[in-house]
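Bear in mind the structure is a predicted one, so any value in this text is a computation, not a measurement. Numbers here are sequence positions counted from 1. Just so you know, ligand 1 is whichever comes first in the structure, and atom 1 is the first atom listed for that ligand.
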Amino acid sequence: MDLDLTDEQRLIQDTAREFTDREVVPRARDSDRAARFDRALAGKLGEMGYLGAPVAEEYGGRGLDYVTYGLIVEQVGRGDSAMRTVVSVQTSLVCGTIERWGSEDQKRAWLPRLCSGDALGCFALTEPDSGSDAASLRTRATRDDGGWVISGQKMWISLGNVAEVALVFAQTDPEQGHRGLACFLVPTSSDGFHTQEIHGKLGLRASDTAAISLDEIRLPADAILGEIGDGFKVAMSALDSGRYSVAAGCVGICDGCVEASVEYSTDRKQFGVPVASFQLVQELIADMVVRRDAARLLVRRAGALKDKGEPNTVETSIAKLYATEAAVECANAAIQVHGGSGYVDDHPVERYLRDARVTTLYEGTSQIQKLIIGRGATGVDAMRPHQE
Ligand SMILES: Cc1cc2nc3c(=O)[nH]c(=O)nc-3n(C[C@H](O)[C@H](O)[C@H](O)COP(=O)(O)OP(=O)(O)OC[C@H]3O[C@@H](n4cnc5c(N)ncnc54)[C@H](O)[C@@H]3O)c2cc1C
């Protein structure tokens, strides 16, 4: 694996760092306090080309490789995970999925608007009774008059209240199990598409999260993404990219923790010396540095495999598992370095901890990542307990 970045990658990384420091960091605390989704800033992410970076230029993207996409996500993630969520959902779950599975008409209809930030998209897989076991989803798609009628409930959908288009996963034939699943492109202006904001989240307060009710939504036959029965494959391929993006964002959180902790500990004095002079404080920081670097390397490896077109599901799960758990540990340690000051939002570290916490849950919990990694190592699928 070549660890050197090209001049272009460095330039894009520097630009993303400057953009984050100028536009994202100054707004993060207020948006978090107000639990307000910043649509204007999401638009700026689009203007920068950060909402469809790996999408081909002919569809409005920047045609960047995955390693470079990861560098952008890392920077935005350092600034604000709520905004990083916009980048991850829009780019990996929505645009990447339409580009890979969509018809030419679907790509032309949605990708330029999504990549520019003119429109937002959401990815509606999870349901009230179907989370880790995604194939058990109950939203039903039935054929009617040459088209489709979709009814069901979706839960925890990022950007669900603000999106113009939703990728909705539904069951076309319950007897077929996961082979009956299909993905539909649903304009959120459709009759029967209702959303409700989910309040009271521990973190990601400035990220929009919705419960969605789909009430007999009528769609034309060509609203399907891919073929009937492709739904599970569509979802898994989207998550392969989404998990990479979440992991890259978590490297950003780890980096932010190191930066904030170094700055604070070299400034704050106790017993007549900066607290950075104490070996026990240095241990906290050293552990953060090691976790950040290890997470970054694992993300880089997953990105390099994606760029080479090689299988990378296990490596992506390793990166996601390690980086998300590292972000939680780094944020917790960073609060410790800050003492009481770390417990309030004058410093970013308490928000880092609250925001990092969800990353070990969504796009496959840490337990699910371990099962994917274990399956890769042993060849045995332990996802389902043995049933008589
Ligand atoms: C803020 C937020 C944003 C989200 N955004 C989206 C989105 O945009 N789109 C979307 O579709 N979903 C989204 N989700 C949903 C998220 O992906 C799910 O919460 C996640 O997949 C876990 O599902 P669950 O919450 O139903 O937990 P469950 O699946 O009920 O899991 C509960 C516990 O059981 C464990 N468990 C489950 N199965 C196994 C097993 N086989 N072996 C061992 N342990 C197991 C889990 O690890 C966990 O500890 C979001 C969630 C949150 C909180």
Qualifying residue for side-chain contact (heavy atoms from CB on, under 4.5 Å) with R296, from R291, E74, R301: E74
Please confirm whether the ring centroid of Y362 lies under 6.0 Å from the ring centroid of W156. no
Tabulated below should be the N or O atoms of ligand 1 paired with protein N or O atoms at under 3.5 Å; can you produce that?
| from | atom 1 | to | atom 2 | distance (Å) |
| --- | --- | --- | --- | --- |
| ligand 1 | 5 (N) | W156 | O | 2.7 |
| ligand 1 | 5 (N) | S158 | OG | 2.9 |
| ligand 1 | 8 (O) | S158 | N | 2.9 |
| ligand 1 | 8 (O) | S158 | OG | 3.4 |
| ligand 1 | 9 (N) | F123 | O | 2.8 |
| ligand 1 | 11 (O) | F123 | O | 3.4 |
| ligand 1 | 11 (O) | L125 | N | 3.0 |
| ligand 1 | 11 (O) | T126 | N | 2.9 |
| ligand 1 | 11 (O) | T126 | OG1 | 3.1 |
| ligand 1 | 12 (N) | T126 | OG1 | 2.7 |
| ligand 1 | 14 (N) | W156 | O | 3.2 |
| ligand 1 | 29 (O) | S132 | N | 2.9 |
| ligand 1 | 29 (O) | S132 | OG | 2.6 |
| ligand 1 | 41 (N) | M383 | O | 2.8 |
| ligand 1 | 47 (O) | T365 | OG1 | 2.7 |
| ligand 1 | 47 (O) | Q367 | OE1 | 2.8 |

Do the non-hydrogen side-chain atoms of F19 and L45 ever get within less than 4.5 Å of each other? yes
Hey, could you give me the CD/CG distance between E164 and L114, rounded to the nearest 0.5 Å? 8.5 Å
Listed pairs under 3.5 Å, donor-acceptor, residues 214-234 side chains, sequence neighbours left out:
| from | atom 1 | to | atom 2 | distance (Å) |
| --- | --- | --- | --- | --- |
| R218 | NH1 | D144 | OD2 | 2.5 |
| D230 | OD2 | E227 | N | 2.8 |

For the hydrophobic clusters of this structure (ILVMFWY residues joined by side-chain heavy atoms under 4.5 Å, transitively), does one cluster hold both L71 and Y69? no
